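Remarks on the structure that follows.
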Amino acid sequence: MQPKISGVILAGGRATRMGGNDKGLIFLNKKPLYQHIVDKLLPQVDELIINANRNPDIYRQSGYQIVPDLTPDFSGPLSGMLTALKSASHDWVMFVPCDVPNLPTDLVIRLWQGKQQALAAYVNDGNRAHPTIALLHRSLFSQLENYLANGDRKLILFMHKIRAIAVQFDDNPTAFTNLNTPEDCQHWENTQEIKK
């Protein structure tokens, strides 16, 4: 039986490869990139939170809870995860970055079922790990807080440390293509047009 799950969109990075523009607010097919994630994630979760460190007023127009990092130094996705574990209403929290517009519609259920008895699970697409696309239990907050306090930032090392399960999504690897540059966005729009 799947419990209630909080969903979190990680939109708090510097987006240096997007020319410093707020990645979540880059337009893709006439709507902000983060909105594509909302469309895919919202039907799969019971609450939606956006972790954003810039342009909070713009994100707030979406009507969802906006939480900035607890640490002010742009210390990466782990900082956003720490913040959201504290802010979430439910014990299980699903994280996705703001730049993966083609997420599978069965993402949450497969991670939930694939985690077995572990307190965390993340996506592996058959070629590589995607630790920013992960399901974590709120009880990991103190472990993550200590990890960051020690100056550690590598997300995949934290996943190993907490014995997270890598759940295979090798049946649909392109679902986890992330858009890092304006060129990536343009290419994605063009290929979507071809598919239509």
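Because the structure is predicted, anything quoted here is derived from the model rather than measured.
- Listed by first and then second residue, the salt bridge (charged side-chain N to carboxylate O under 4.0 Å, His left out) pairs involving residues 97-115 are K23-D99, D106-R110, R110-D171 (not counting sequence neighbours).
- Checking side-chain atoms of H90 against main-chain N and O of E47 turns up no donor-acceptor pair under 3.5 Å.
- We find that D39 and K31 are joined by a salt bridge, their nearest charged nitrogen and carboxylate oxygen being less than 4.0 Å apart.
- Side chain to side chain, D125 and H130 meet the donor-acceptor criterion of an N or O pair below 3.5 Å.
- Contact annotation: the side chain of V167 never approaches that of N124 to less than 4.5 Å [non-hydrogen atoms, C-beta and beyond].
- L148 contributes atom CG, which lies 5.5 Å from atom CG of L78 (distance to the nearest 0.5 angstrom).
- Checked by atom type and distance alone, the side chain of R138 never pairs as donor or acceptor with a backbone atom of V93 at under 3.5 Å.
- Closest of all the heavy-atom pairs between A52 and I66 is CB-CG2, 4.1 Å.
- In this structure, N51 and G80 approach most closely via the heavy-atom pair OD1-CA, 3.3 Å.
- Counting only heavy atoms from C-beta outward, the side chains of L119 and I162 never approach each other to under 4.5 Å.
- Ring orientation note: the planes of Y147 and F158 are tilted relative to one another, at an angle of 30° to 60°.
- Looking at T83, its side chain does come within 3.5 Å of a backbone N or O of L70 through a donor-acceptor pair.
- Going from atom OG1 of T132 over to atom CE of M81 covers 6.5 Å, rounded to the nearest 0.5 Å.
- Interatomic distance, F169 CZ to F176 CZ, rounded to the nearest 0.5 Å: 5.0 Å.
- Each of I9, V8, V38, I49 was scored for a side-chain contact (heavy atoms from CB on, under 4.5 Å) with Y64, with one residue passing: V38.
- Contact annotation: the side chain of L144 approaches that of L85 to within less than 4.5 Å [non-hydrogen atoms, C-beta and beyond].
- Looking at every heavy atom in both residues, I5 comes nearest to V108 through CD1-CG1, 3.6 Å.
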